[in-house]
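The next block holds one structure in the form of structure tokens; read it before the comments.
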Amino acid sequence: MEIEKVYEPQRFEPRWAQWWIDRGFYTANPKNPGRMFSLVIPPPNVTGILHMGHMLEHTEIDVTVRWHRMKGDNTLWLPGTDHAGIATQMVVERKLAEEGLDRRKLGREEFERRIWAWKEESGDSIKRQMIRLGTSCDWSRERFTLDEGLSRAVREVFVRLYEKGLIYRGEYMVNWCPRCQTAISDLEVVHEETNGHLWHIAYPVNGTDERLVVATTRPETMLGDTAVAINPKDARYFGIHGKTVRLPLMDRDIPIILDEMADPLFGSGAVKVTPAHDPNDFEAGRRHNLPLIQVIDGNAKMTAAALAYAGLDRFEARKRVVKALQEGEYLVKIEPHQLSVGKCQRCKTVVEPLVSKQWFVKTKPLAEPAIRVVEDGRIQFVPDNWSKTYFEWMYNIRDWCISRQLWWGHRIPAWHCAMCAKITVAREAPAVCRHCGSAELAQDPDVLDTWFSSGLWPFSTLGWPDQTEDLAKYYPTSLLITGFDILFFWVARMVMLGIECMGEVPFHQVYIHGLVRDADKQKMSKTRGNVIDPLVVTEKYGTDAVRLSLLLGAAPGTDIVLTEERMESARAFANKIWNASRLIFMNMERSGVSPWITAERDCCLPEKDGETAPLEDRWIFSRLNRCAEQVNRAVEQHRYHEAAQTLWHFVWHEFCDWYLEVKKLRLVENSGADVHWRNLLTVYEMALRLLHPVMPFLTEELWQRLATGVVDRAETISLANYPQFNEAAVDAQAEDEMSILQGIVTAARELKSDLKVDKKTILVGTLVLREKAVTVGAAQLAVIEKLGGLKLTLGTQAAGVVRSSPEFDLIVQAPDVVAEGGGDAQKVRLRKENEQLEKVISSSNRQLGDEKFTGRAPAHVIDTLRQKLAEYEAQLRKNKEVLGE
RNA sequence: GGGCUCGUAGCUCAGUUGGUUAGAGCGCUUCCUUGACACGGAAGAGGUCGGAUGUUCGAGUCAUCUCGAGCCCACCA
């Protein structure tokens, strides 16, 4: 049982990580027995390396997955990556720019080749990283959204939806990013509050002396105005109904239209209408059959239609238009105005609303069943309040623009005919046009929104549209663990498309985790420069410590503040386990105990040693049982912080601080004959198993050492049984007795501390035990003496400094220190304690004397209060006795 | 404009369905280099739970209002 002196996780973590993969322990088999548990990874983008948010997500998933696997479930965790269309294309374009190249120069084919090369590289490093972090997924089932199989699924879904009329192509107003040169969906536009202006412009009303004042935040768009709207009920303007206005700068006459869109209470009550550059105006234009004059193009430059302003950038044009309006005395007012400006999520360029021909998914029919499955509980959100957010979005859902003018992604399976100009949509490239038979077909150049393929992930990865064994076994998946930032982008789309394509929800439960933040609660981001690289801290503190520090902060519904201090303390815990193991292993060797692993699967009672098992064994087995109960429940409910805290407390403050301390005494006394190794090793081994999902590396390392040479066991701790709570293993009596023993030891330490005695001074004392404590009696006296640092005799009252409880009197004979006033600290302590006791006692008495309380409170509440009151009173009496009051 | 979350010890946070001297980690004070561990051990100090009102026998835990912080959604020119 060799064990290195220092805990150095770097030495063994990479080895186990690789071994787990090499041995294929986590390869799922649909034919295996056990309850099914399946989960697909939220595929990381192949844009770069994984960050702390991924590590948190993967750690929570891994804990859950390892736990299910150890419980004997038929478990699948399917890994993979997302091609992340626009994001990846941007990364590669940026790299090209560094080489002085751009994608247009390279051409589509060569550009795609470059991105694939990048993808291979990035995908590999993501996989390496995940393996290093201990993720126990099934790499034999790894998928990528652009794989042939998944691409086939994408085409299949596209064709089906098209044929059902749920995908259509049309000319509508879309969000256009002039930098990315593509349309983007509403979700990809982020709104930023900006301090802008409201320009009030006067349009002369033809045939009158009046001028109609309109207000706008974008004066440059007036060049494309094709009407001015007023509210039909607005009395101020009854006189100009049916007239036209003269558009300044352009010298065009445009009609005054009557439309509810004009709010009489806003500004002058008149609105300029620019159908080509504003979504509202676009709709108004349709209602009133207005012409569309596009004055801004896809590059955000003014078009020829902008006449004198043609070729200018939109913001430069704004300045010039304002200046010209001022000069022509059309500008009546400029006021500061706060507005929210839509920007491209990826590059932060101000989005330009433009009319263009795009592909859309009709979402209303898909949203209805997607709402129902959450309402009726077929999909459950944890924490539950996220379902409200989900509903909110689903109720107000709008059609989804799915075409992107990019080169990286799934090419839209639609072919345009050069002869008849009609479209043929097909699963595979058609030879001839479906409408006219012409062979002059060209595939639509656009690709699909990256979320279209991610939306199919839970079933496309399992082989759909083929009816595979995996699909039959593992769909619907059991659980999805992801972040709220992609609730609409991804989760909502998966629900809609899962139900549509499979007729069944894609997962039964969605656990939404928090955000990883830095010490100042700031979001971690590259631009802020506050990112913690998982590989760096993993190397520094060990993966187990980082995992643990993440989990300890992972309370549902809260963000996770991650600091290196936390990782240090988590490492201290790992170090504690390591050293406790050293104690055990070294003494096994010294005592000639051979490696041994218990055959017990679940929590059990200790083996007896004669009449009964030693108190510390009975106690720790009962505590282990309680710990298992709590940890199992906590993981089940995604209360990862609670699972981690429970394990921490059990291992450190019960197993190490008390149990092993007692065992150490047994080791030196009676030549170690009273240790009862089988009990010690059983609880140790079960503790390792309980810890394994949280700290896989450390536990595997120690477990393998413990199991050296043991035949007929699991090959890895990750496939050993997860200990379950066992009603029969509760030992309340042992817990009571142990707590009395702990009370006596603590009392002894208190006295020593209050008397300020040197540790070398062995105090002589007397212990008087009362009925309840009899079983602790003589058998445990040596333990109390050693742990308390006293030399005790039992049973005879004597003079000295006293610490009393209803169970015992501990009397220390220390005439010297008492004479020097050393007992004062003890008196201060007792008086303070009495103050508190008196407070609680009086309030308890008040309640028990109140008929309203005794009449309405449940019996058990009253009982425990009475019981506690009796204990407080007994303690108060003892303290007063000691103080001589 | 609508929706959501948070405000508990110096710091970061727990506190499951309301139930009885309010918990943890880090930090702090004092003592201890005891052959597993100073990444350790022991004993302590320190909150009345943002504020107000209410419901209740009983509220950190529910309701209303209020102050403060943050997030999400939204086509208010």
Side-chain angles (χ1 to χ4, degrees), chain A residues 3 5-7 173 186 191 198 214-218 229 261-263 265-268 270-274 278-283 337 339-340 342 353 383 385-386 388-389 391-393 396 398 484-485 487-488 515 519 521 541 545 549 552-553 555 557-561 563 565-566 568-587 633-634 637 639 641-642 645 648-649 656-657 660-661 664 746 749-750 752-754 756-759 789 829 833 836-837 839-841 843-844 847 850-858 860-862 864-865 868-869 872:
Chain A
I3 180 158
K5 197 166 165 45
V6 187
Y7 168 62
M173 179 141 287
D186 295 333
H191 295 273
L198 201 54
V214 297
T216 178
T217 55
R218 300 195 57 194
M261 77 183 284
D263 175 4
L265 300 176
F266 188 95
S268 65
V271 196
K272 62 192 271 311
V273 182
T274 323
D278 181 279
N280 266 332
D281 296 3
F282 178 77
E283 292 304 323
H337 182 76
L339 71 163
S340 80
N385 54 286
W386 286 108
K388 216 167 204 171
T389 310
F391 287 137
E392 204 59 39
W393 189 73
N396 301 309
R398 298 167 62 199
F484 61 84
D485 50 330
L487 186 63
F488 306 141
L515 231 54
K521 298 171 94 173
Y541 301 100
S549 60
L552 282 165
T558 64
D559 289 341
I560 288 99
V561 176
T563 63
E565 272 178 4
R566 278 160 188 262
E568 276 171 24
S569 91
R571 184 187 52 189
F573 177 67
N575 184 251
K576 185 76 184 175
I577 297 172
W578 182 264
N579 280 294
S581 305
R582 283 190 74 216
L583 172 76
I584 295 169
F585 291 170
M586 285 164 67
N587 280 292
R633 192 182 47 225
Q637 299 175 349
R639 302 175 61 80
H641 71 302
E642 195 179 307
Q645 273 170 22
W648 181 298
H649 182 261
C656 291
D657 287 353
L660 286 183
E661 288 304 321
K664 268 159 75 174
T746 304
R749 287 168 174 166
E750 265 178 20
K752 288 185 65 185
S753 170
D754 286 351
K756 296 202 190 312
V757 291
D758 181 82
K759 78 165 202 73
R829 182 200 295 278
E833 193 176 303
Q836 289 173 325
L837 284 169
K839 237 187 269 173
V840 194
I841 287 168
S843 88
S844 300
Q847 273 197 81
D850 187 346
E851 279 174 19
K852 280 187 196 160
F853 173 72
T854 50
R856 295 185 204 185
H860 74 274
V861 172
I862 298 170
T864 50
L865 185 59
K868 290 220 166 189
L869 176 61
Y872 298 145

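Each chain gets a letter, A, B and so on, in the order the sequences are listed, and its residues count up from 1.
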Closest nucleotide among B:U20, B:U21, B:C71 to the A:Gln847 side chain: B:U20
Residue A:Gln645, side-chain heavy atoms: nucleotide from B:C75, B:A14, B:G25 that is nearest: B:A14
Nearest to side-chain heavy atoms of A:Lys868, which nucleotide of B:C73, B:C75, B:U21: B:U21
Interatomic distance where CG belongs to A:Asn280 and P belongs to B:A74 [whole Å]: 14 Å
Nearest-Å distance once atom P is located in both B:G54 and B:G60: 15 Å
Sugar-phosphate only, base, or nothing, as touched by A:Arg218 at under 4.0 Å among non-hydrogen atoms: nothing
Protein-to-nucleotide contact annotation, 5' to 3' order, nucleotides 33-45 of chain B [B base; S sugar-phosphate only; - none; under 4.0 Å, heavy atom]: S--BB-BSSSSSS
Touch class at under 4.0 angstrom, heavy-atom based, for A:Met261 against every strand present: base
hbond_proxy A:Gln637 side chain to B:U16 base (donor-acceptor, 3.5 Å cutoff): no
Distance, C1' atom - from B:U53 to B:A59, rounded to whole angstrom: 14 Å
Counter-base of B:G70, judged by Watson-Crick or G-U geometry with both distances under 3.5 Å: B:C4
Touch class at under 4.0 angstrom, heavy-atom based, for A:Pro353 against every strand present: nothing
Assigned partner base of B:C39, Watson-Crick or wobble definition, under 3.5 Å: none
